[in-house]
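Take a look at the structure below.
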Amino acid sequence: AFPMPAGSRGVAIGLFNRLVGLDLFDSVETLERQWPRLIASAASALFDQQRAIAAGYSPTPAHRRLDSGALDRMLTRASSALVGAAVTRSVGLGTDVRFSAPKLIGTALVHERRAIHVALFRAA
């Protein structure tokens, strides 16, 4: 139902009026391998959010669209959080980089000085 746009190297996920995640990859091929899992995860998060709203655990969002500055704010937070990042050996090849900032949690897999996957998530 959600085909990967040609030439894409990442996906931003918004639920109602919030940008909740961003996944960036080193190549189109890497994203292609991960696309079904990312879309399934986004759909699951949407259903969870809808159930929480229906049950009264979460408020109904005032709007259904992201504001135009949401992506820039997430990337700015990630950039500033890298200063205090924890870098450890990956289980496989490369290194794991973990960082956080107010309203943001991020991870990256880096191999031979190249970011293979960067994942950013909105933190409560």
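Within the 4.5 Å cutoff, the side chain of Val28 has heavy atoms near those of the Arg9 side chain. Two residues are said to be in side-chain contact when any heavy atoms from C-beta on lie closer than 4.5 Å; Pro61 and Leu15 fail this criterion.
Taken together through direct or relayed side-chain contacts under 4.5 Å among Ile, Leu, Val, Met, Phe, Trp and Tyr, Leu120 and Val20 form parts of separate hydrophobic clusters. Linking ILVMFWY side-chain heavy atoms closer than 4.5 Å, directly or via other members, places Val11 and Ile116 in two distinct hydrophobic clusters.
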Audit row: Asp96, Thr107, side chain to side chain contact (heavy atoms under 4.5 Å, CB included) steps and yes/no: CA-CA 7 Å; Asp96 287 321; Thr107 66; over 6 Å; no
Assess whether side chain to side chain contact (heavy atoms under 4.5 Å, CB included) is satisfied between Leu109 and Leu93, documenting all intermediate values. CA-CA 9 Å; Leu109 173 62; Leu93 296 176; over 6 Å; no
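For residues 93-124, the pairs satisfying ring pair (Phe, Tyr, Trp, His ring centres under 6.0 Å) are Phe25-His117, with sequence neighbours left out.
For the atom pair Ser80 OG and Leu75 CG, the distance stands at 11.0 Å (nearest 0.5 Å). How far CD1 of Ile53 is from CG of Asp48: 11.0 Å, rounded to the nearest 0.5 Å. With rounding to the nearest 0.5 Å, the separation of CG in Leu19 from CD1 in Ile13 is 9.0 Å. Rounding to the nearest 0.5 Å gives a distance of 13.5 Å between CZ of Arg98 and CG of Leu82. In this structure, CZ in Arg122 is found 8.5 Å from CZ in Arg73, a value given to the nearest 0.5 Å.
Every side-chain contact (heavy atoms from CB on, under 4.5 Å) that Arg33 has, sequence neighbours left out, goes to Glu29, Thr30.
Of all heavy-atom pairs spanning Ala81 and Ser100, the tightest one is CB-O, 3.3 Å. Taking each heavy atom of Ala85 and Val97 in turn, the nearest pair found is CB-CG1, 3.7 Å. Taking all atoms of both residues into account, the shortest heavy-atom contact from Ser8 to Met4 is O-CE, 3.9 Å. Smallest separation of non-hydrogen atoms from Phe2 and Trp35: O-NE1, 2.7 Å.
No more than 12 heavy atoms of other residues, nucleotides or ligands sit less than 6.0 Å from atom CZ of Arg18.
Screening Leu38, Asp26, Asp23 for a side-chain contact (heavy atoms from CB on, under 4.5 Å) with Leu31, the sole residue that qualifies is Leu38.
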